[in-house]
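To start, the structure itself, in structure tokens.
Proteins come first, then strands; the chains are lettered A, B, ... in the order of their sequence lines, and each starts at number 1. Just so you know, these numbers come straight off a predicted model, no measurement behind them.
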Protein chains: 2
Amino acid sequence: MAQPKFAQIKQHIISKIKSGEWAEHSRVASENELAEQFSVSRMTARRALSELTDAGILSRTQGLGTFVASFKSQSNLLEIRNIADEIKERGSDHRCIPEVLESMPAIAPIAIALGVEQNSQVYRSVLVHLENGTPIQVEERFVNPTFAPGYLQQNFEQITPHEYLCEVAPLTEARHTVEAIMPSAQVSQWLSLFNEEPCLQVIRRTWSSNGVVSFTRLISPGSKYRLGGHLTFKR
Amino acid sequence: MAQPKFAQIKQHIISKIKSGEWAEHSRVASENELAEQFSVSRMTARRALSELTDAGILSRTQGLGTFVASFKSQSNLLEIRNIADEIKERGSDHRCIPEVLESMPAIAPIAIALGVEQNSQVYRSVLVHLENGTPIQVEERFVNPTFAPGYLQQNFEQITPHEYLCEVAPLTEARHTVEAIMPSAQVSQWLSLFNEEPCLQVIRRTWSSNGVVSFTRLISPGSKYRLGGHLTFKR
DNA sequence: ATATTTGTATTGTATATACAAGTGTTCTTG
DNA sequence: CAAGAACACTTGTATATACAATACAAATAT
């Protein structure tokens with residue numbers, strides 16, 4: 001069997017939807033009907049329908065039937081990737097310069113974000129990521145020392161902070177925010193920006209089961225970096 | 001039965017992982033072991049494992065076993081939402097002002113993005129979205145007339161362009177790019193920005209089965225809009 | 001010693017069956 | 001006529017079973 005039966009049925013349904021033959025909200029054959037059409041058991045037909053439902057392509061209601069889900073409900077997702085992976089995948093050279101590695105008292109917004117007491121000591125690291133020698137991202141990270149007491153002793157040219165934290169504290173959740181900002185003079189200098197230029201700022205908070213592990217700002221110049229699209233063709 | 005058996009098993013596994021008891025890449029009980037532990041059939045235990053695998057929490061290899069997936073592989077996804085929905089969900093008032101609604105010849109980059117001949121006629125709309133009277137997003141959209149010949153006759157104070165296009169052409173795919181830019185003078189005016197301010201620009205291309213339906217630029221000021229985070233507490 | 005075979009544990013696919021539970025229609029009854 | 005009961009059809013949960021396919025280790029043959 002080249003393809004398993006349930007996969008063939010999935011393909012069949014997807015092609016009907018993509019071709020526009022089955023419109024949004026239109027009824028899809030029931031499990032029993034599909035089973036008969038394809039000469040399979042109900043459980044096999046059911047598997048095809050269930051997996052497409054999990055994928056958000058179909059929508060089912062007990063007692064009513066199965067329907068083509070509305071395209072609107074399919075959320076538009078954007079993947080936030082690791083800059084090092086992204087650079088390597090492009091076949092470019094990735095390097096990383098640690099600029100700051102220190103312990104400092106947490107000022108109010110940092111303390112709130114990390115869930116620690118104000119002015120308690122937290123770790124701070126600033127790394128600059130280079131693609132073929134050009135600075136492309138500043139990574140400023142504040143770390144809760146409770147979860148990663150050995151943070152300051154790491155060599156971040158060898159292991160990325162994110163990898164280290166994953167090893168030390170089992171991460172359970174991450175939240176992201178994306179915004180457009182003008183970089184501070186210090187950040188401009190790290191990014192070697194001579195003219196004022198808008199930057200994309202990604203803020204990430206990572207959680208372990210007991211609280212916030214780290215709070216990170218990723219800042220990239222708008223002219224050299226964008227999220228989501230792989231800017232393959234340069235102008 | 002309060003919760004179905006397969007869901008209870010899923011819960012059990014998730015709690016073990018979240019608590020850190022089961023580390024990354026560590027082995028999870030096999031289907032048969034789980035079946036015995038919970039006094040269920042192998043198929044029920046299997047369902048729990050399969051669904052967690054689909055969700056990216058576990059990873060399975062035939063012949064080898066089931067393992068806790070690495071947190072790293074869990075991609076960080078950001079949802080790009082509809083501005084109108086977002087505003088309404090915040091309990092604010094949403095209004096929309098159509099600024100431009102015209103047919104125009106496609107200049108090179110637009111023609112390429114839409115997959116039409118250069119200088120052929122395409123439709124263009126510019127809408128300004130307001131939250132409680134404050135401009136918060138400019139939506140500039142270029143539409144392939146082949147898929148939506150009646151586009152210019154719509155009243156976009158009643159129906160959003162996206163909703164209309166979904167009705168007219170069955171959308172099958174959408175791709176997004178996010179970047180930071182400085183707005184043009186015209187955009188600044190539409191957004192009522194008096195000072196130069198960086199903006200978040202989302203570029204979206206939507207596809208039907210036969211080609212690109214529309215090409216959209218969503219521009220929002222960095223001070224009033226961010227992606228992903230619900231900025232609940234204002235300063 | 002090295003290759004081959006065999007065996008075992010595991011996940012993957014597929015079927016037949018049973019009953020529960022939700023939805024809507026039709027029939028019955030007051 | 002209207003309320004309720006019965007029914008048909010749907011998806012949801014659960015089980016028992018069979019065999020295929022893969023990975024790895026151990027036994028065996030060369």
Worksheet entry | Working for side chain to side chain contact (heavy atoms under 4.5 Å, CB included), residues B:Tyr123 and B:Leu101 | CA-CA 8 Å; B:Tyr123 300 150; B:Leu101 199 54; over 6 Å; no

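Within the 4.5 Å cutoff, the side chain of A:Phe156 has no heavy atoms near those of the A:Glu139 side chain. At least one side-chain heavy atom of B:Glu31 sits under 4.5 Å from a side-chain heavy atom of B:Leu49. By the 4.5 Å heavy-atom criterion applied to side chains, A:Tyr151 and A:Pro161 are counted as neighbours.
Atom CZ of B:Phe6 and atom P of D:dT13 are 4 Å apart (whole Å). Distance, B:Asn32 CG to C:dT8 P: 15 Å, rounded to whole Å. Going from atom CD of A:Glu33 over to atom C1' of D:dT11 covers 13 Å, rounded to whole Å. In this structure, B:Phe38 places its CZ atom 13 Å from P of D:dT15, rounding to the nearest Å. Taking atom CG of B:Leu34 as the reference point, atom C1' of D:dA14 lies 16 Å away to the nearest angstrom. Note: CD (A:Glu36) to C1' (C:dA16) measures 16 Å, nearest angstrom. If you take CD1 of B:Ile9 and C1' of D:dT15, they are 13 Å apart, rounded to a whole angstrom.
Residues B:Glu31 and A:Ser39 each lie close to DNA chain C; by heavy-atom proximity, the contact nearer the 5' end of the strand is made by B:Glu31. Mapped onto DNA chain D by nearest heavy atom, B:Gln62 and A:Gly65 fall at different nucleotides, with A:Gly65 at the one closer to the 5' end.
A heavy-atom distance below 4.0 Å to DNA chain C is reached by these residues of residues 41-51 of chain B, ordered by number: B:Arg42, B:Met43, B:Arg46.
A donor-acceptor pair is defined here as one N or O able to donate and one able to accept, closer than 3.5 Å; no such pair exists between the side chain of B:Gln201 and the backbone of B:Arg217. Looking at A:Arg205, its side chain never comes within 3.5 Å of a backbone N or O of A:Val212 through a donor-acceptor pair.
With respect to A:Arg90 and A:Glu131, a salt bridge is recorded, a charged nitrogen being found less than 4.0 Å from a carboxylate O.
Proximity of A:Thr61 to the phosphate of C:dG22: no side-chain N or O atom is located under 4.0 Å from OP1 or OP2. For the OP1/OP2 pair of C:dG12 and a distance below 4.0 Å, the side-chain nitrogens and oxygens of B:Arg60 include at least one atom meeting the criterion.
Legend: side-chain hydrogen bond (donor to acceptor under 3.5 Å, both in side chains) pairs involving residues 32-41 of chain A, not counting sequence neighbours, sorted by first then second residue: A:Ser41-A:Thr44.
The aromatic rings of A:Trp22 and A:His12 sit perpendicular to each other, their planes meeting at more than 60°, with 30° as the lower class boundary.
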Could you go through nucleotides 4-9 of chain D and list every protein N or O atom that sits under 3.5 Å from one of its N or O atoms, giving the distance for each pair?
none

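When the nucleotides C:dT15, D:dT11, D:dT15 are ranked by their closest atom to the side chain of B:Lys5, D:dT15 comes out on top.
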